[in-house]
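What follows is one structure encoded as structure tokens, with my remarks underneath.
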Amino acid sequence: MIKKNSKKNMKNSEKSKTEIDFSAMEQKWQKRWERDKVFEAEEDKGKKFYVLEMYPYPSGSGLHIGHAFNYVIGDILARFKRMKGFNVLHPMGYDSFGLPAENAAIKSKSHPRIFTDEAISNFIRQQISLGLTYDWRRKLQSHDPEYYRWNQFFFLEFLKKGLVYRKKSSVNWCKDCSTVLANEQVHQGFCWRHNSTPVEVKQLEQWFLKTTAYADELLKCVDGLNWPERIKAMQRNWIGKSEGSEVIFEVNGQNWEVFTTRADTLMGVTFLVVSAQHPKLDQLVTKDKRKEVDDFLKKLRSTKQEDIDQMEKEGVFTGSYAKHPLIGEKIPIWVGNFVVADYGSGMVMAVPAHDQRDFEFAKKYGLPIKEVVMPVEGRKIENRLIKAFTEYGKLINSSKFDGLDSLGARKKITDELARVKKGRSSIQYKLRDWLVSRQRYWGTPIPIVYCDDCGAVSVPEKDLPVLLPEKVKFGEGNPLATSKEFLETKCPKCGNKARRETDTMDTFFDSSWYYLRFTDNMNKKEPFSKKKAAYWMPVDFYVGGAEHACMHLIYARFFTKALRDFGYLNFDEPFPRLYNQGMIHGEDWHVMSKSIGNVVDPLDASSKYGVDALRMFLVSMASPDKDTNWNQNGLESVSKLIKSMVHYAHTVKFGNSSKRIESKIHSTLKSVSEQIEGLKYNSAVIQIRALFESFEPEISKKDFQIFLKMISPFCPHLAEELWEKIGGKGFISLAEWPKVDEGKIDLKLEEAEKAVEKTVSDIINVLNLVKEKQGKEAEKVYLYVIPNEIEGYDSTILSRRVNKEVVVYAVNDKQKYDPSGKAGKSKPGKPGIYVE
RNA sequence: GCGGGGAUGCCGGAGCGGUCAAACGGGACAGACUCAAGAUCUGUUGGCUUAGUGCCUUCGGAGGUUCGAAUCCUCUUCCCCGCACCA
């Protein structure tokens with residue numbers, strides 16, 4: 001704060017002639033790039049490279065620093081690859097359907113479309129000002145009928161192929177969103193948008209996408225992805241494969257299945273527990289237990305979700321018994337609060353000796369505990385179990401399976417079950433089918449018509465898109481249901497009166513294939529041409545935040561696999577390489593938030609210091625995948641660097657580069673190229689800085705051009721401006737990335753320079769010592785250099801560096817001044833020093 | 001509980017078997033310039049020591065592998081992030 005003010009007061013001092021108007025310069029180049037269609041990409045022009053940043057939800061508040069960071073990371077690589085000769089596709093679009101726009105519109109009594117269009121144009125303006133190299137012709141927005149018609153098309157396509165179905169089931173409902181949610185949108189029992197709104201369970205008939213059909217492939221392919229480990233882990237976890245067995249227990253002549261991963265403990269089952277939410281629970285409850293069970297269920301219902309999570313395992317006996325599939329024993333069935341209804345079959349076999357939950361339950365209700373797995377050798381067995389033994393071991397008390405180890409027993413027992421038709425091996429996934437219906441307005445209408453005679457009928461393809469009606473009433477349940485002209489229609493099959501589906505699609509449907517539409521966004525006949533998609537896809541580099549690990553990234557992978565199987569695509573994974581940018585926190589290390597007041601507005605920052613400074617600074621703080629905190633001084637420092645580059649460009653004398661500079665240019669070029677490729681932008685910036693600082697007043701134009709090319713991905717406007725100033729041809733953005741000339745890299749020279757650096761610090765060290773020892777400062781420095789190294793030691797440069805007059809002698813110089821014989825100390829790479 | 005990622009000097013952060021007391025930036029301190037401030041430039045910023053040297057202690061902690069470890073292995077503590085009564 002203080003700094004800012006004092007700065008203002010100090011302004012006005014002098015405007016050096018090399019100072020440039022950054023804002024004017026930026027606009028000049030942004031306009032030219034647009035005018036000359038510099039970043040427009042066409043198919044089949046050599047080797048392609050597809051860079052994509054996750055398309056944003058166009059919020060009313062505009063770009064924040066995280067957006068800017070996200071785009072700059074992608075843009076630097078896009079620019080680099082383009083200069084490297086790749087045919088780069090770098091598009092941008094808007095995930096423009098969704099609740100926030102609808103809610104904002106309701107609040108401001110506007111219309112979501114108006115609200116959204118405004119937000120998008122605001123976004124575009126801001127993105128252009130960041131110097132991002134998008135091919136704007138390819139812009140897409142999900143709320144555009146030309147886009148969402150293909151959502152509808154795919155929905156019907158999936159329906160035809162059996163990947164879409166409609167089912168009544170328990171679904172998650174968020175009262176603040178007034179809509180249902182997909183499993184992926186429920187985070188720890190709460191709505192992903194409202195983290196203090198617990199989701200409610202409702203029984204509703206809804207549309208589902210059969211993501212589980214691809215569960216196994218989605219899981220398998222995770223291994224081969226070049227993605228951050230944690231995202232891969234999250235996906236594996238989310239898909240949650242477990243291998244085990246299905247066991248059939250007979251209850252009153254009916255088969256009830258349970259899933260277990262520990263079939264080896266089957267002989268230790270002492271009771272079964274059915275979920276309190278199990279749809280067929282009633283069938284198990286006997287008359288005399290009815291009241292007890294009802295009381296239990298009532299109590300559960302009145303308990304809040306948060307409390308249920310903390311709650312102790314509880315349950316009541318249902319009154320029914322099951323028959324053990326192998327030994328026919330009578331096993332009591334309990335209803336319990338800890339059994340998840342929609343995993344497995346909603347019922348579990350309880351082996352208290354070998355499962356901690358079952359153990360606690362058995363202890364609490366005095367149910368028998370039967371040990372069937374003996375701990376492995378070397379483990380002491382307590383006479384009484386104090387907790388379940390959940391590891392593997394040798395079987396006991398298991399009749400003919402005694403003596404087998406757990407793994408072997410699992411197989412043997414499952415085989416035995418299969419033989420007597422009481423079970424089989426089975427695989428369970430945690431992944432659920434994707435619930436795509438939403439009871440909201442601002443989304444893609446689901447292209448279905450309900451007819452009393454024909455049932456749910458698909459809207460014929462020729463009638464697509466089913467347009468979202470403009471006029472609806474908000475706040476009275478599902479808005480689409482309030483539009484008569486939308487609602488009332490004719491059955492495509494029989495022509496009788498029919499009613500349209502009033503639910504819209506989850507907006508994750510939109511984002512599941514937008515990357516494909518970018519390859520061919522103008523196509524009116526099909527969602528995209530197979531040929532174009534085959535050329536551009538997959539996305540070579542995908543950048544975004546980690547928050548989509550288990551939503552967008554799963555859905556998009558599912559879409560790709562399904563579309564591949566329908567013949568649209570010829571690859572398995574849409575994003576072979578994913579990069580997560582880190583979070584930028586406020587200067588105080590808190591997450592940026594308006595209430596704390598530590599928000600940095602990217603445009604504010606760039607208007608003060610220039611966009612190029614912002615771009616360069618954003619990627620120089622740390623490796624871009626690390627969380628960091630903003631540092632205003634750091635930004636200023638980059639801006640100073642840029643200013644001194646401008647100054648240099650205006651004062652440099654073009655002639656010949658010294659061998660030293662040539663060597664440095666090429667060794668820097670070599671590492672910078674590698675670093676950009678490897679996303680080590682921070683290291684690249686350091687190298688560039690060091691190179692610049694070593695520049696001499698004279699340099700060859702060619703070398704300076706190489707330098708400009710190196711900075712152009714980071715500081716594109718400045719690079720263009722200086723490129724033009726020194727007479728570079730065309731746009732530097734399209735210039736060829738320079739080739740490293742290994743022959744110019746002179747390691748000996750670089751070593752010699754290091755030796756000089758060392759000598760400088762030696763001199764300084766000696767000067768300090770002398771000052772300390774003798775109490776007075778020496779005035780002159782004498783250097784005795786080995787004759788063949790003498791050209792490396794320039795007395796002017798040295799004098800400037802040590803701030804003293806430096807006299808350089810060759811050791812064999814007869815005329816040299818050397819009162820204490822320091823010349824004798826000279827060694828190769830290490831001149832003798834005398835000061836006085 | 002399960003899974004993933006971390007812990008480096010005042011701060012941020014590179015490094016991931018030797019060239020490491022550890023790049024680079026910020027901050028702080030000192031000096032030059034200046035009437036002065038800012039800007040700029042130069043230096044210092046683990047400890048002791050020394051005419052440019054040498055040594056010691058450092059990269060969360062404890063062990064280990066190695067001629068040699070911030071870097072590899074084992075254990076451990078702490079932090080962050082996901083999932084979580086998943087049978």
Side-chain angles (χ1 to χ4, degrees), chain A residues 3 6-7 9-11 13-14 16 187-189 228-238 240-242 244 247 258-262 265 272-273 275 308-313 336-340 342-351 354-358 360-361 390 428-430 546-547 549-550 583 587 589 617 620-623 625-638 640-641 643-644 680 682-683 685-687 689-690 754 758-774 777-778 800-803 820 822 825 830-835:
Chain A
K3 266 192 180 161
S6 55
K7 214 167 195 171
N9 299 340
M10 247 162 261
K11 235 188 125 182
S13 51
E14 94 281 22
S16 105
H187 293 168
Q188 280 150 19
E229 270 318 309
R230 73 185 165 130
I231 306 292
K232 288 166 72 165
M234 280 160 84
Q235 291 221 342
R236 287 194 192 102
N237 208 315
W238 189 256
K241 179 179 181 171
S242 23
V247 185
V258 305
F259 175 75
T260 177
T261 53
R262 290 296 302 271
T265 63
L272 301 185
V273 189
S275 166
I308 288 176
D309 294 340
Q310 317 292 325
M311 215 155 76
E312 218 185 297
K313 283 148 202 55
N337 62 354
F338 66 96
V339 178
V340 178
D342 64 355
Y343 180 77
S345 58
M347 176 146 90
V348 299
M349 60 180 227
V351 185
H354 305 292
D355 180 284
Q356 188 57 27
R357 288 158 308 191
D358 300 346
E360 284 167 28
F361 197 86
T390 56
Q428 286 290 329
Y429 295 93
K430 280 202 274 180
E547 65 274 15
C550 292
M583 277 256 280
E587 208 148 10
W589 255 116
F617 171 65
S620 68
M621 290 186 283
S623 174
D625 55 349
K626 290 251 166 81
D627 292 352
T628 39
N629 55 335
W630 184 259
N631 180 338
Q632 191 70 22
N633 288 328
L635 174 61
E636 271 178 56
S637 140
V638 172
K640 280 176 198 164
L641 171 69
K643 280 183 185 146
S644 57
K680 303 270 175 209
N682 52 333
S683 306
V685 170
I686 289 166
Q687 297 277 326
R689 203 185 253 267
K754 266 184 209 151
K758 179 81 176 98
T759 303
V760 167
S761 73
D762 283 350
I763 295 171
I764 288 162
N765 189 212
V766 172
L767 285 171
N768 285 337
L769 288 171
V770 166
K771 188 172 162 187
E772 264 171 48
K773 285 264 161 74
Q774 304 177 357
E777 204 153 331
R800 207 190 66 226
R801 290 293 304 277
V802 305
N803 236 330
S820 50
K822 297 289 183 193
K825 292 193 91 175
K830 192 175 176 188
I833 299 165
Y834 175 72
V835 306

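Within every chain, numbering begins at 1; the chains are lettered A, B, ... in the order of the sequence lines, protein sequences first and strands thereafter.
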Whole-angstrom distance between [N] and [M], as gauged at atom [atom1]:
{"N": "B/G54", "M": "B/U40", "atom1": "P", "result": "36 Å"}
{"N": "B/G13", "M": "B/G4", "atom1": "P", "result": "24 Å"}
{"N": "B/G6", "M": "B/G43", "atom1": "C1'", "result": "35 Å"}
{"N": "B/U57", "M": "B/G47", "atom1": "P", "result": "16 Å"}

Are [X] and [N] close enough that a side-chain N or O sits under 4.0 Å from OP1 or OP2?
{"X": "A/S242", "N": "B/A87", "result": "yes"}
{"X": "A/K232", "N": "B/G82", "result": "no"}
{"X": "A/K754", "N": "B/A23", "result": "no"}
{"X": "A/K430", "N": "B/C2", "result": "no"}
{"X": "A/T628", "N": "B/G12", "result": "no"}
{"X": "A/R801", "N": "B/G43", "result": "yes"}
{"X": "A/Q356", "N": "B/G1", "result": "no"}

With a 4.0 Å cut-off on heavy atoms, is [X] in touch with a base, just the backbone sugar-phosphate, or nothing at all?
{"X": "A/V835", "value": "base"}
{"X": "A/D627", "value": "sugar-phosphate"}
{"X": "A/I763", "value": "nothing"}
{"X": "A/D355", "value": "nothing"}
{"X": "A/K626", "value": "sugar-phosphate"}
{"X": "A/Y429", "value": "nothing"}

Can you tell me the pairing partner of [N] across any strand shown, Watson-Crick or G-U wobble, with both distances under 3.5 angstrom?
{"N": "B/A62", "answer": "B/U74"}
{"N": "B/G9", "answer": "none"}
{"N": "B/U40", "answer": "B/A32"}
{"N": "B/A84", "answer": "none"}
{"N": "B/A23", "answer": "none"}

Give the nucleotide from the list [options] with an atom nearest to the side chain of [X].
{"X": "A/N682", "options": "B/U53, B/A14, B/G25", "value": "B/A14"}
{"X": "A/K640", "options": "B/A39, B/G25, B/C85", "value": "B/A39"}
{"X": "A/N633", "options": "B/G82, B/G27, B/A87", "value": "B/G27"}

